[in-house]
Each structure stands twice: as structure tokens, then as C-alpha cells.
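These notes concern the structure reproduced below.
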Amino acid sequence: MGLLTFSINVTLDGCIDHREGVVDDETHAFFTRLMDESGAMLWGRVTYEMMESHWPAVARGDVEAPASMRQWAVKLDAKPKYVVSTTRKAFPWANSHLIAGDLRAGVQRLKDATPAGVLLGSGKLATELDRLDLIDEYRFLVHPRIVGHGPALYGSGLPGTRRLELVAAQPMRCGAVAVHYRRAP
């Protein structure tokens with residue numbers, strides 16, 4: 001069984017708006033490495049649609065992008081992508097699959113079938129999966145910014161405190177810190 005790892009950009013005040021993080025070669029390499037190490041991606045419908053609206057065009061070369069971004073887009077295009085949605089049924093982006101029905105059972109089946117692990121990148125979905133005790137690890141890129149707006153990490157709350165153990169923390173040249181935590185026993 002693979003681990004479910006929640007990974008996202010977050011500012012010091014908890015904002016997870018993807019436009020608020022530092023984007024440079026080092027932060028890009030962080031997420032590329034996480035994707036390379038995982039067996040599949042998992043998103044909610046909103047995050048999937050945001051990704052789908054841009055990255056396939058970059059992978060095809062329809063959008064001008066630096067070589068490192070194009071390489072990432074090609075890898076993402078090839079990676080199995082799973083989407084939790086109750087409203088959308090068709091997913092034309094290559095290697096995209098729907099998880100429908102019982103959320104706990106569907107995500108557990110995905111974990112069981114993906115020994116290399118699943119990388120989760122959706123804030124709202126992470127809250128629901130954390131409520132179901134399905135997230136095993138957290139790999140956050142904490143950015144040196146206070147933005148004063150949302151969306152916020154775990155903005156809708158959890159039923160209780162999650163105790164975590166620090167696995168690693170790595171500062172980056174831009175001031176961001178890559179942190180890796182796992183659920184405490």
C-alpha cells in the first residue's frame with residue numbers, strides 16, 4: 001500500500017492561493033521531485049480543472065514556456081491523475097480517472113493500488129481526506145509571505161488536532177522552507 005501525501009504551497013498566514021508562492025527553479029524542482037517520486041496525482045475537481053486548463057497545452061508546445069516547465073508538463077501529462085468529483089464525469093486529459101462514490105473506499109483503493117504513493121494537491125479535498133484519517137504525510141512548501149487573504153489551509157476546520165512528527169525541513173535560497181511531516185502514532 002502506498003502513502004497518501006498532501007503537498008501544497010502555503011504562506012506564513014496559511015494562504016494556499018497558488019498565485020501567492022515564490023516561483024523559481026528551486027521551488028519548481030521541489031514539486032517536480034515530489035511528482036517523480038509518486039505513482040499518481042489526486043485532486044478535487046476545481047484543482048483538476050485549473051491544471052487541465054493550462055498544463056496539457058504546455059506539454060503539447062501550444063503555450064510558450066521555459067524548458068523546465070515544458071518537461072514538467074510532459075511528465076504531468078503522462079502521470080496517472082485521479083479526480084474526486086460528484087458533478088463531472090468526463091476527463092479528456094490523458095491518464096485522468098474519476099473517483100466516484102464512497103470517498104473513503106475510493107481513495108483507500110487508490111492507495112492500495114499505488115505502491116509508489118499518491119500525491120494529493122487540493123486544499124478542500126485534503127480537509128475531507130484528513131477527516132477520514134487517510135493522509136499519511138504532509139510535504140508543504142512554506143513561503144516567506146503574509147498575504148492576508150484565503151483560501152486558507154484547513155479553512156473549514158478539522159474535528160480535532162492532528163499530531164505530526166517532523167521528518168525534514170530544508171530552507172531554500174528564496175526564503176521558502178520545504179517541510180516534511182508524517183502523522184504521529
Are [X] and [Y] grouped together when hydrophobic residues (ILVMFWY) are joined by side-chain heavy atoms under 4.5 angstrom apart?
X: V46; Y: L125; answer: no
X: M50; Y: M41; answer: yes
X: L153; Y: L134; answer: yes
X: L119; Y: L42; answer: no
X: I8; Y: Y181; answer: yes

Looking at [X] and [Y], what are the two nearest heavy atoms and their distance?
X: S85; Y: F91; answer: CB-CZ, 4.3 Å
X: P151; Y: D17; answer: CD-CB, 4.0 Å
X: T27; Y: D24; answer: N-OD1, 2.8 Å
X: C15; Y: G150; answer: SG-O, 3.9 Å
X: A116; Y: G39; answer: CB-N, 3.6 Å
X: A113; Y: P115; answer: O-CD, 3.4 Å

Does the [X] side chain pair with the main chain of [Y], one donor and one acceptor, at a distance under 3.5 Å?
X: S7; Y: G121; answer: no
X: E137; Y: H180; answer: no
X: K79; Y: M35; answer: yes

List, one per line, each side-chain donor-acceptor pair under 3.5 Å for residues 158-168, sequence neighbours excluded.
| from | atom 1 | to | atom 2 | distance (Å) |
| --- | --- | --- | --- | --- |
| R162 | NE | D130 | OD1 | 3.0 |
| R162 | NH2 | D130 | O | 2.7 |

Compare all side-chain heavy atoms of [X] with those of [Y] and state whether any distance is below 4.5 angstrom.
X: V23; Y: H28; value: no
X: E128; Y: L103; value: yes
X: L34; Y: T5; value: no
X: I99; Y: V83; value: no
X: S156; Y: R131; value: yes
X: Y82; Y: P80; value: yes
X: L120; Y: I135; value: yes
X: V22; Y: R173; value: no

query = Just checking, K81 and W43: is the charged tip under 6.0 Å from the six-membered ring centre and within 45° of the axis?
reply = no
ask   = Yes or no on side-chain contact (heavy atoms from CB on, under 4.5 Å) for V177 and Q170, after CA distance, side-chain angles and deciding distance?
value = CA-CA 6 Å; V177 179; Q170 178 65 47; 6.0 Å; no
How long is the span from the [atom1] atom in [X] to the [atom2] atom in [Y], to the nearest 0.5 Å?
X: E26; Y: L141; atom1: CD; atom2: CG; answer: 9.0 Å
X: H143; Y: L12; atom1: NE2; atom2: CG; answer: 10.0 Å
X: L76; Y: M69; atom1: CG; atom2: CE; answer: 12.0 Å
X: F140; Y: F30; atom1: CZ; atom2: CZ; answer: 10.0 Å

Check this for me, if you would: do [X] and [Y] make a salt bridge, where the nitrogen-to-carboxylate-oxygen distance has to be below 4.0 angstrom?
X: R104; Y: D102; result: no
X: R70; Y: E64; result: no
X: R183; Y: D136; result: no
X: D13; Y: R145; result: no

ask   = For R45, which residues count as a salt bridge (Lys or Arg N to Asp or Glu O under 4.0 Å) partner, sequence neighbours excluded?
value = E49
query = Taking atom types as modelled and ignoring hydrogens, do the side chains of H18 and N9 form a donor-acceptor contact shorter than 3.5 angstrom?
reply = no
task = Give the intermediate values and the outcome of side-chain hydrogen bond (donor to acceptor under 3.5 Å, both in side chains) for residues S96 and Y48.
result = CA-CA 9 Å; S96 295; Y48 174 85; 3.0 Å; yes
task = State whether the number of non-hydrogen atoms from other residues, nucleotides or ligands found under 6.0 Å of D25 atom CG is greater than 12.
result = no
query = How would you list all residue pairs meeting side chain to side chain donor-acceptor pair (under 3.5 Å) that involve residues 113-127, not counting sequence neighbours?
reply = T47-S122
inquiry  = As a quick check of understanding, evaluate side-chain contact (heavy atoms from CB on, under 4.5 Å) for W93 and M51, giving each step before the final call.
reply    = CA-CA 10 Å; W93 187 9; M51 302 294 277; 3.8 Å; yes
request  = Please work out whether the ring planes of W72 and W55 are parallel, tilted or perpendicular, with thresholds of 30° and 60°.
outcome  = perpendicular
D77 and N95: CA distance, side-chain angles, deciding distance, side-chain contact (heavy atoms from CB on, under 4.5 Å) verdict = CA-CA 7 Å; D77 204 53; N95 301 309; over 6 Å; no
